[in-house]
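Presented below is the structure to which this report refers.
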There are 2 protein chains.
Amino acid sequence: MNEPVALEAADGLEARSELLEGLIGYALRRTTIVVMADFIDAMEGLGMRPVLFSMLAVIRENPGINQTTLGRALGIQRANLVPLVNELISRRLVDRRRHPKDGRAFALFMNGEGGLLLDEAIARVSRHEERVLAGLGDAERRQLLTLLNKVRSG
Amino acid sequence: MNEPVALEAADGLEARSELLEGLIGYALRRTTIVVMADFIDAMEGLGMRPVLFSMLAVIRENPGINQTTLGRALGIQRANLVPLVNELISRRLVDRRRHPKDGRAFALFMNGEGGLLLDEAIARVSRHEERVLAGLGDAERRQLLTLLNKVRSG
DNA sequence: TATTGTTATACTCTATAACTATA
DNA sequence: TATAGTTATAGAGTATAACAATA
């Protein structure tokens with residue numbers, strides 16, 4: 001409440017950092033945390049996490065995909081994908097069959113129940129994106145997506 | 001290599017999802033992972049992680065800040081902040097003193113060694129941001145920062 | 001009663017190395 | 001030799017509940 005004094009405690013209720021506020025990496029990290037938290041809220045009761053949602057989306061759009069390719073598409077290492085795929089299998093959302101031409105590989109397919117769950121999740125994701133992007137116009141949303149992909153492909 | 005056939009394995013080397021590619025949340029998450037990985041590379045040998053960097057920045061710019069306020073500024077819960085502050089203390093980058101007017105609280109101050117480390121980290125962060133933003137012009141960089149903060153605050 | 005810092009705990013994500021079976 | 005999937009393990013981030021000391 002008073003003017004700051006050197007070596008006195010700056011223990012107000014709020015603190016800022018001009019350095020951090022100028023860094024895009026920091027803004028990316030903090031914004032992602034906020035958006036992912038809203039995603040998780042939006043999925044309440046579905047047992048859906050961001051990583052499971054993205055796996056279901058890729059599997060449905062790429063029927064028969066194997067785990068290595070799935071992991072590469074999503075930036076997940078093979079070893080870390082194993083328990084995640086097992087989770088989808090044991091929840092009967094995805095079917096896993098031996099690959100017809102490569103005995104080492106599995107082929108993953110979305111089944112009916114997985115499709116229903118994904119559809120419900122997609123409906124919730126639409127509302128979630130509308131909520132977190134409420135402050136942006138259509139042009140700004142397209143611009144943000146373009147800029148993010150530019151950085152990522154960079 | 002051939003045209004896709006229903007229920008045949010789509011086990012090519014690459015897979016995409018139009019659904020995910022349209023979601024800003026997904027773009028945020030993937031882009032942040034790429035940028036954070038480059039940050040970590042940039043800090044090689046410094047023992048610096050994103051969270052420690054942000055803590056040092058806030059402590060230097062808010063001398064005497066207590067742990068609760070520091071955590072609130074960075075979105076870190078008090079309980080999770082304890083081992084992180086201990087790490088900075090044991091590495092002699094930050095000093096912790098009892099708060100003069102509140103016996104429950106600590107007041108955190110950056111010391112000389114912490115300042116030197118933070119300065120070196122800032123120099124590396126500048127090169128890191130230049131690297132990950134190389135594909136964007138100045139106007140685009142400002143725009144991205146503005147849009148990210150709009151989403152986060154919105 | 002409320003707040004600061006702490007401890008304990010559990011879950012998720014991530015990273016690495018080594019193994020098996022198949023190619 | 002190389003690749004697909006697996007196992008084991010360790011580190012880091014995150015979330016909750018409960019406690020002691022102090023306000």
Side-chain angles (χ1 to χ4, degrees), chain A residues 9-13 15 29-30 32-41 43-44 47-55 64-90 94 96-108, chain B residues 9-13 15 29-30 32-41 43-44 47-55 64-90 94 96-108:
Chain A
D11 55 355
L13 292 178
R29 198 160 68 91
R30 295 299 305 271
T32 299
I33 291 170
V34 168
V35 172
M36 288 304 109
D38 189 88
F39 179 98
I40 290 169
D41 284 351
M43 294 301 157
E44 201 203 326
M48 185 69 79
R49 284 163 284 150
V51 67
L52 297 182
F53 177 81
S54 61
M55 288 170 67
I65 192 172
N66 68 33
Q67 297 185 192
T68 298
T69 305
L70 175 61
R72 189 164 38 228
L74 295 175
I76 305 170
Q77 301 195 28
R78 278 197 314 276
N80 296 328
L81 202 61
V82 172
L84 296 170
V85 170
N86 287 342
E87 186 176 346
L88 297 180
I89 302 291
S90 68
V94 163
R96 173 166 51 186
R97 315 180 199 151
R98 273 294 170 193
H99 191 288
K101 296 177 185 165
D102 186 341
R104 301 168 300 181
F106 287 122
L108 301 175
Chain B
D11 56 353
L13 293 177
R29 197 161 68 94
R30 296 297 306 270
T32 299
I33 291 171
V34 167
V35 172
M36 287 305 107
D38 190 88
F39 179 98
I40 291 169
D41 284 352
M43 295 302 158
E44 202 204 325
M48 185 69 80
R49 285 163 284 150
V51 68
L52 297 182
F53 177 81
S54 61
M55 289 170 67
I65 192 172
N66 68 32
Q67 296 185 191
T68 296
T69 305
L70 174 61
R72 192 164 35 228
L74 294 175
I76 305 170
Q77 302 194 27
R78 281 196 313 279
N80 296 327
L81 202 63
V82 172
L84 296 170
V85 170
N86 287 342
E87 185 176 346
L88 296 180
I89 303 291
S90 68
V94 163
R96 172 167 53 187
R97 314 179 202 152
R98 273 294 170 193
H99 191 289
K101 295 176 188 167
D102 186 340
R104 300 169 300 181
F106 288 121
L108 302 175

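Values below: every heavy atom of this structure, side chains too, minus hydrogens, waters and symmetry copies. Note on naming: letters A, B, ... go to the chains in the order of the sequence lines (proteins, then strands), and numbering restarts at 1 for each one.
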- Message: Output the rounded distance in Å from CZ (A:R104) to C1' (C:dA23).
- Response: 4 Å

- Message: Nearest whole Å is fine: how far is D:dG13 C1' from B:I40 CD1?
- Response: 12 Å

- Message: Just the rounded figure in Å: distance from P of D:dG5 to CZ of A:R97.
- Response: 15 Å

- Message: What is the distance, to the nearest angstrom, from the CZ atom on B:R78 to the P atom on D:dA15?
- Response: 14 Å

- Message: Could you check whether any side-chain heavy atom of A:Q67 comes within less than 4.5 Å of a side-chain heavy atom of A:F106, counting everything from C-beta outward?
- Response: yes

- Heavy-atom donor-acceptor pair, A:D102 side-chain to D:dA4 base, under 3.5 Å: no

- Assign each of B:A79 and A:A105 to its nearest nucleotide of DNA chain D by heavy atoms, then name whichever residue's nucleotide is nearer the 5' end. A:A105

- For atom CZ of B:R49 and atom P of C:dT14, their distance in whole Å: 17 Å

- Item | Phosphate contact (D:dA15 OP1 or OP2) by B:Q77 side-chain N/O below 4.0 Å | yes

- Looking only at heavy atoms, which two atoms of A:R98 and A:R104 are closest? And how far apart? NH1-O, 3.1 Å

- Is any side-chain nitrogen or oxygen of A:T68 closer than 4.0 Å to OP1 or OP2 of D:dG5? yes

- Task: Let me know, please, whether B:R29 or A:R98 comes out on the 5' side of the other along DNA chain C by nearest nucleotide.
- Result: B:R29

- Query: Rounded to the nearest Å, what distance is computed from the CG atom of residue B:L74 to the P atom of nucleotide D:dG13?
  - Reply: 12 Å

- Message: Under 4.0 Å, counting only non-hydrogen atoms across every strand here, what does A:I33 touch: a base, just sugar-phosphate, or nothing?
- Response: sugar-phosphate

- Item | First encountered from the 5' end of DNA chain C, between B:N80 and B:A37 | B:N80

- Closest heavy-atom contact between B:S54 and A:R29? OG-NH2, 3.6 Å

- Task: Rounded to the nearest angstrom, tell me the gap between atom CD1 in A:I65 and atom P in D:dG5.
- Result: 10 Å

- Given D:dT3, is OP1 or OP2 found less than 4.0 Å from the side-chain N or O atoms of A:R72? no

- Task: Nearest whole angstrom, please: distance from the P of C:dG5 to the CG of B:L81.
- Result: 9 Å

- Query: With side chains defined as the heavy atoms from C-beta onward, is the minimum distance between A:V51 and A:I76 less than 4.5 Å?
  - Reply: yes

- Check whether any side-chain heavy atom of B:L81 lies under 4.5 Å from a side-chain heavy atom of B:L70, and answer yes or no. yes

- Message: Under 4.0 Å, heavy atoms only, any strand: does B:Q67 hit a base, just the sugar-phosphate, or nothing?
- Response: sugar-phosphate

- Query: When all nucleic acid strands are considered with a 4.0 Å heavy-atom cut-off, which category describes B:V85: base, sugar-phosphate, or nothing?
  - Reply: nothing

